[in-house]
Undergrad: 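One structure coming up, written as structure tokens, with questions to follow.
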2 protein chains.
Amino acid sequence: MTAHGTVPVTIRAMESSNSPGGAGGGRREATRQKLYEAAVTLIAEQGFSATTVDEIAERAGVAKGTVYYNFASKSVLFEELLRHGVGLLTASLRDAAERTAEAGGSKVDSLDAMVRAGLVFIDRYPSFTQLYVAELWRTNRAWQSTLMVVRQEAVAVVEGVLREGVEADELSEEIDIGLTASALVGMVLVAALDWQAFQPERSLDDVHAALSRLLQGRVSGKP
Amino acid sequence: MTAHGTVPVTIRAMESSNSPGGAGGGRREATRQKLYEAAVTLIAEQGFSATTVDEIAERAGVAKGTVYYNFASKSVLFEELLRHGVGLLTASLRDAAERTAEAGGSKVDSLDAMVRAGLVFIDRYPSFTQLYVAELWRTNRAWQSTLMVVRQEAVAVVEGVLREGVEADELSEEIDIGLTASALVGMVLVAALDWQAFQPERSLDDVHAALSRLLQGRVSGKP
DNA sequence: GTTTTTGCACTGACTAGTCAGTGCAAAAAA
DNA sequence: TTTTTTGCACTGACTAGTCAGTGCAAAAAC
């Protein structure tokens, strides 16, 4: 499940052939990808309900019937989109933590690497992130449970590193792991979305530096 | 906006009657409040587009026509809701900062007080917060500009305190004020929403303590 | 004191339009 | 051949917004 490298993985990376013996990507999978991409942008901009299937089909350059040939319904298309996207994020976070550990870094280094991995992800898939945040705390929606499961998966990765940090006496044992993980995720999420929305010209390194500082408590006092 | 303790005192100079409920702010204002309350909950749960005007009217115990008698359109109702809610938050943050300053606290104390004020706000108006987060980073929406203005107003309060902290040599002058403010807001927002959604039984003090720790860099190292 | 008028707040059936999803025959890949 | 896609007409449910009319209390007229 671990993705390969920090090399920006495109959506296409999760591609898999649908025919058991077939080797190539397959025409069908390509169509699905086009639909994912079209849907993610439109839904991020307008929201799920305000986005019509006709729009999605048009943006994907595909007939409406094709949407229904490939997905049972509009919500199913959306749910698969969510699962797919969060899968990528989780893999990327886990990978960042593992690589740091293998390179002999501390747990704080791991956290820092995960912050960066988060930023890279958001930079690459801003629409997905937007859409995810917009839907995460909604209740009474069809895909609510999907979202919960998938969220927990991602947060658990951060919690894991925090826990190891405490066990290794590297982090204060008084920290609240769950809350701190949430707060860290929120810090990265909101800062990155603001960055994308209001200062897209700034570099990722810049943003990373600012968050690193906050993470490592180098905000108060002089350097 | 959900009902809050202090009854909004409206201009009753021109109002002819105030018979129902005694010290209320007039019949019309009462209806508007009911509509706000109904709308905020429903939109937080389902999103703007998925929420129908009929639902809002029904939940408010009012006829559909009344919605349009009181608001020009569904979006206008929503926009006024947003303005109202963020106004409350901004006032609350500013108040927290001022009170701390008057009591002779440091800038970090001010930040901490604002974190708490944010938590109190979210605790009191969870639906509003949910809805705000869900809509904030959307593009191509009618109320986009309203949202931007109102967001900047709130973030500016945090930025102001950070700036004063730097000027007073209390905070590192290397911090990026805009990004740090965003990150702090995000930290509080996401942690609080997660708290509400997944561990509502925890106390506000608990959550505040966890965030304080993060804010003050008391995460790494032993206490 | 009684009747009539005024105007605000509200009502709910109705309109005009939108959109998810269907059905199907024919064309293009594979 | 089989799988996938296309194009397009169609339906039925649902929805934002409208409008003629109601209820009512205070003011005006009688």
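Labels below follow one simple rule: chain letters A, B, ... track the order of the sequence lines, proteins then strands, and each chain is numbered from 1.
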Undergrad: Is E135(B) paired with R138(B) through a side-chain N to carboxylate O contact shorter than 4.0 Å?
TA: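 E135(B) and R138(B): salt-bridged.
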Undergrad: Pairs under 3.5 angstrom, nitrogen or oxygen only, protein versus nucleotides 7-9 of chain D, please.
TA:
none

Undergrad: Measure the distance from CG on L35(B) to P on dC10(C) and round it to the nearest whole Å.
TA: 9 Å
Undergrad: For DNA chain C, what is the dot-bracket line, given that a base pair needs Watson-Crick (N1 to N3, plus N6-O4 or O6-N4) or G-U wobble (N1-O2 and O6-N3) geometry with both distances under 3.5 Å, and | means paired with another strand?
TA: ||||||||||||||||||||||||||||||
Undergrad: Calculate the interatomic distance between E58(A) atom CD and dT6(D) atom C1'; express it in whole Å.
TA: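 For the pair E58(A) CD and dT6(D) C1', the rounded distance is 15 Å.
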Undergrad: Please list, chain by chain and in numerical order, all residues satisfying side chain to side chain donor-acceptor pair (under 3.5 Å) with K64(A), sequence neighbours excluded.
TA: D54(A)
Undergrad: Which residues satisfy the side chain to side chain donor-acceptor pair (under 3.5 Å) test with R151(B), sequence neighbours excluded?
TA: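 R151(B): side chain to side chain donor-acceptor pair (under 3.5 Å) contacts with D194(A).
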Undergrad: Grab the CZ-P distance between F71(B) and dC10(C) for me, whole Å please.
TA: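 Roughly 11 Å, once rounded to whole Å.
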Undergrad: What residues in residues 48-56 of chain A put a non-hydrogen atom under 4.0 Å from any atom of DNA chain D?
TA: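 None - not one residue of the stretch has a heavy atom sitting under 4.0 Å from the strand.
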Undergrad: Separation of N70(A) atom CG from dA20(C) atom P, in whole Å?
TA: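 To the nearest whole Å, that distance equals 17 Å.
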Undergrad: Please lay out, stage by stage, how Y125(B) and L88(B) fare under the test side-chain contact (heavy atoms from CB on, under 4.5 Å).
TA: CA-CA 10 Å; Y125(B) 309 117; L88(B) 285 180; 3.7 Å; yes
Undergrad: Of all the nucleotides listed (dG21(C), dT6(D), dT3(D)), which has the minimum atom distance to the side chain of R27(A)?
TA: dT3(D)
Undergrad: Whole angstroms only, please: what is the CG-P distance between L42(A) and dC19(C)?
TA: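 So the CG-P distance, L42(A) to dC19(C), works out to 13 Å.
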Undergrad: Could you tell me which residues satisfy side chain to side chain donor-acceptor pair (under 3.5 Å) with N70(B), sequence neighbours excluded, listed by chain and number?
TA: R28(B)
Undergrad: What residues, two or more places apart in sequence or in another chain, satisfy side chain to side chain contact (heavy atoms under 4.5 Å, CB included) together with V150(A)?
TA: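 So V150(A) forms a side chain to side chain contact (heavy atoms under 4.5 Å, CB included) with R83(A), V86(A), Y132(A).
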Undergrad: List for me each residue that meets side chain to side chain contact (heavy atoms under 4.5 Å, CB included) alongside A192(A), sequence neighbours excluded, and say none if there are none.
TA: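 Once residues adjacent in sequence are excluded, the partners of A192(A) under the side chain to side chain contact (heavy atoms under 4.5 Å, CB included) criterion are L119(A), I122(A), W195(A).
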Undergrad: Mind jotting down which residue pairs meet the side-chain hydrogen bond (donor to acceptor under 3.5 Å, both in side chains) criterion with at least one end in residues 110-123 of chain A? Sequence neighbours excluded, please.
TA: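 Sorted result for residues 110-123 of chain A: D112(A)-H208(A), D112(A)-S212(A), R116(A)-D205(A), R116(A)-H208(A), D123(A)-Q196(A).
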Undergrad: Nearest-Å distance, CG (L77(B)) to P (dG17(D))?
TA: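 Answer to the nearest Å: 11 Å.
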Undergrad: Rounded to the Å, how far apart are R28(B) CZ and dA25(D) C1'?
TA: 17 Å
Undergrad: Between K74(B) (NZ) and dA16(D) (P), how many Å, whole number?
TA: 4 Å
Undergrad: Please name all residues satisfying side chain to side chain contact (heavy atoms under 4.5 Å, CB included) with A210(B), sequence neighbours left out, ordered by chain then number.
TA: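 Checked A210(B) against side chain to side chain contact (heavy atoms under 4.5 Å, CB included); matches are D176(A), L179(A).
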Undergrad: Does E153(A) have any side chain to side chain donor-acceptor pair (under 3.5 Å) partners at least two apart in sequence or in another chain, and if so, which?
TA: none
Undergrad: Extract all donor-acceptor atom pairs below 3.5 Å that involve side chains of residues 71-81 of chain A and protein atoms in other chains or at least two apart in sequence.
TA:
from   : atom 1 : to      : atom 2 : distance (Å)
S73(A) : OG     : S75(A)  : N      : 3.4
S73(A) : OG     : V76(A)  : N      : 3.2
K74(A) : NZ     : F48(A)  : O      : 3.0
K74(A) : NZ     : T51(A)  : O      : 2.7
E79(A) : OE1    : T146(A) : OG1    : 2.7
E80(A) : OE1    : Y36(A)  : OH     : 3.3

Undergrad: Under 4.0 Å between a side-chain N or O of Y68(B) and OP1 or OP2 of dG17(D)?
TA: yes
Undergrad: So, is S73(A) close to the dA20(C) phosphate, meaning a side-chain N or O under 4.0 Å from OP1 or OP2?
TA: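 Checking dA20(C) against S73(A), no side-chain N or O comes under 4.0 Å of OP1 or OP2.
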